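Inspection log for the structure reproduced underneath, given as structure tokens.
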Number of protein chains: 2
Amino acid sequence: MIEENCETFVSDCHVRAAVELINHTWDPVILSALRSGPTRRKDLLHRIAGVSDKVMTESLRRLSSRGLVTKTADGSRRDTAVYELTGLGASLTGGPLAQLATWAAENQAALSATS
Amino acid sequence: MIEENCETFVSDCHVRAAVELINHTWDPVILSALRSGPTRRKDLLHRIAGVSDKVMTESLRRLSSRGLVTKTADGSRRDTAVYELTGLGASLTGGPLAQLATWAAENQAALSATS
DNA sequence: CCGGGTTCCCACCGTTCGGTAGGAACAGGC
DNA sequence: GCCTGTTCCTACCGAACGGTGGGAACCCGG
């Protein structure tokens, strides 16, 4: 599906690929939340109000499978699982995602006015 | 829904708001396609392979209602309708969206490897 | 007048996504 | 042992999204 567009609009294909990384409702929020460092699942759920348990699991798995987040457990214990940004994830959150947040903050007035 | 997160994660709220502007499959592609200047609907459909007529209409309407795109018609004629980026839309496509595309291009190998 | 091209709308279908509810597995404190 | 907290998983449901098919309105060239 993406490849078709690559034939016509190469740069757009990249945009598409990138947007698909974050186009799930909570993924960007979780990524941003992880910028403060390795975080446990419980703390993520606590900090991000409104996200359900299932969605958090799904998002973390999705982000993990895409190489943006790693799950690190101390030994085999379950309740010590810690999620952390990978280099790729950090470059995404620190670069484009931060840009997006900055842009949104600067244009907040215009956005809320039109919505 | 967004406001709840704002209480806890202010910057994340902005990310959310921005992502919601582009989290529809074809919206970013259409926005990027419009960077080359005012474009007619037909040309957009022709250039972006894979997008359906309905989705194009929906996306254009959505982008228009959010102030990212304007629809300009020469008089009352229907087939001269031209879509164009607004200042807001241009700042989004030229800034964060371009950043995202650049990032995606740079990390293309890592992305395709993990997917 | 008539056919083709263009814009736009509507109704329907299948898939995906987010949310809820419930439970299993595991560790620690009482 | 028992209860609690935490991490996951598994159904299900409703809503939203993308895609298809069909058609209406409009303009132009034959």
Side-chain angles (χ1 to χ4, degrees), chain A residues 1-5 12 15-17 19-31 33-34 38-66 69-84 115, chain B residues 1-5 12 15-17 19-31 33-34 38-66 69-84 115:
Chain A
M1 185 186 267
I2 295 181
E3 287 72 15
E4 304 171 12
N5 304 317
D12 299 352
V15 173
R16 269 284 304 267
V19 167
E20 284 188 353
L21 285 179
I22 56 175
N23 88 7
H24 288 263
T25 308
W26 297 103
D27 289 11
V29 186
I30 295 175
L31 282 175
L34 284 173
T39 314
R40 277 180 295 140
R41 193 191 139 89
K42 179 197 72 169
D43 296 329
L44 285 175
L45 282 170
H46 187 252
R47 274 200 282 185
I48 306 173
V51 65
S52 73
D53 167 57
K54 191 199 72 167
V55 173
M56 177 64 77
T57 300
E58 282 178 356
S59 292
L60 287 173
R61 229 213 290 273
R62 185 170 35 240
L63 296 171
S64 177
S65 78
R66 287 172 178 169
V69 161
T70 51
K71 175 184 175 183
T72 313
D74 298 350
S76 62
R77 294 176 49 175
R78 295 185 77 175
D79 56 345
T80 58
V82 164
Y83 295 89
E84 193 174 356
S115 67
Chain B
M1 183 186 268
I2 294 182
E3 288 72 15
E4 304 172 14
N5 304 317
D12 300 352
V15 173
R16 269 283 305 264
V19 167
E20 283 187 355
L21 285 179
I22 57 175
N23 85 9
H24 288 262
T25 307
W26 298 103
D27 289 10
V29 185
I30 296 174
L31 283 175
L34 285 173
T39 313
R40 277 180 296 139
R41 193 192 140 88
K42 178 197 73 167
D43 297 329
L44 286 175
L45 281 171
H46 188 253
R47 274 200 281 185
I48 306 175
V51 64
S52 72
D53 168 60
K54 191 198 74 167
V55 173
M56 176 64 75
T57 301
E58 282 178 356
S59 292
L60 286 173
R61 227 213 287 273
R62 187 170 35 239
L63 296 171
S64 177
S65 78
R66 288 173 177 167
V69 161
T70 51
K71 174 183 176 182
T72 315
D74 297 350
S76 62
R77 294 176 51 176
R78 291 186 79 175
D79 56 346
T80 58
V82 163
Y83 295 90
E84 193 174 356
S115 67

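In what follows, every chain begins at residue 1, and chains take the letters A, B, ... in the order their sequences are listed. Just so it is clear, the model here is predicted, and its values are computed rather than measured.
- Among residues two or more places apart in sequence or in another chain, the side chain to side chain contact (heavy atoms under 4.5 Å, CB included) test is passed with Lys42(B) by Arg40(B).
- Spacing between atom NZ of Lys42(A) and atom C1' of dC26(C) amounts to 16 Å, rounded to whole angstrom units.
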I'd like a table of atom pairs between the protein and nucleotides 14-17 of chain C - only N or O on both sides, under 3.5 Å - with the distance next to each one.
{"from": "dC17(C)", "atom 1": "OP1", "to": "His24(A)", "atom 2": "NE2", "distance (Å)": "3.3"}

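- Shown here for Arg16(A) and Thr25(B), the closest heavy-atom pair between the two residues is CD-O, 3.2 Å.
- In the set dG19(C), dT7(D), dG19(D), the nucleotide with an atom closest to the side chain of Ala81(A) is dT7(D).
- For the pair Leu60(B) CG and dT6(C) P, the interatomic distance rounds to 16 Å; values are reported in whole Å.
- Counting heavy atoms from C-beta on, the side chains of Val69(B) and Leu34(B) come closer than 4.5 Å.
- In this model, the phosphate group of dG19(D) is approached by a side-chain N or O of Trp26(B) to a distance below 4.0 Å at OP1 or OP2.
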Between the protein and nucleotides 9-11 of chain D, which nitrogen or oxygen pairs are less than 3.5 angstrom apart?
{"from": "dC9(D)", "atom 1": "OP1", "to": "Arg61(A)", "atom 2": "NH1", "distance (Å)": "2.5"}
{"from": "dC9(D)", "atom 1": "OP1", "to": "Arg61(A)", "atom 2": "NH2", "distance (Å)": "3.4"}
{"from": "dC9(D)", "atom 1": "OP2", "to": "Arg61(A)", "atom 2": "NH1", "distance (Å)": "3.0"}
{"from": "dC9(D)", "atom 1": "OP2", "to": "Arg61(A)", "atom 2": "NH2", "distance (Å)": "2.5"}
{"from": "dC9(D)", "atom 1": "N4", "to": "Asp53(A)", "atom 2": "OD2", "distance (Å)": "3.0"}

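- For Glu84(B), there are no salt bridge (charged side-chain N to carboxylate O under 4.0 Å, His left out) partners two or more places apart in sequence or in a different chain.
- Lys54(B) meets the salt bridge (charged side-chain N to carboxylate O under 4.0 Å, His left out) test with Glu58(B); sequence neighbours excluded.
- Distance Arg40(B) CZ to dC8(C) C1': 16 Å, rounded to the nearest Å.
- Taking all atoms of both residues into account, the shortest heavy-atom contact from Val19(B) to Ile22(A) is CG1-O, 3.5 Å.
- With rounding to whole Å, Tyr83(B) atom OH is found 14 Å from dT6(C) atom P.
- Across the protein-nucleic acid pair, Leu45(A) atom CG and dG5(D) atom P stand 15 Å apart, rounded to whole Å.
- Atoms CE (Met56(A)) and C1' (dT7(D)) sit 12 Å apart, rounded to a whole Å.
- With sequence neighbours excluded, no residue satisfies side chain to side chain contact (heavy atoms under 4.5 Å, CB included) with Ser64(B).
- As rounded to whole Å, 13 Å separates atom P of dG5(C) from atom NE2 of His46(B).
- Distance CD1 (Ile48(B)) to C1' (dG18(D)): 15 Å, rounded to an integer number of Å.
- Comparing dC8(C), dT6(C), dT20(C) by their closest approach to the side chain of Ser52(A) singles out dT20(C).
- The heavy-atom pair separating Leu45(B) from Ser52(B) by the smallest distance is CD2-O, 4.1 Å.
- Scanning both residues, Trp26(A) and Ser59(A), for their nearest heavy atoms gives CB-OG, 4.4 Å.
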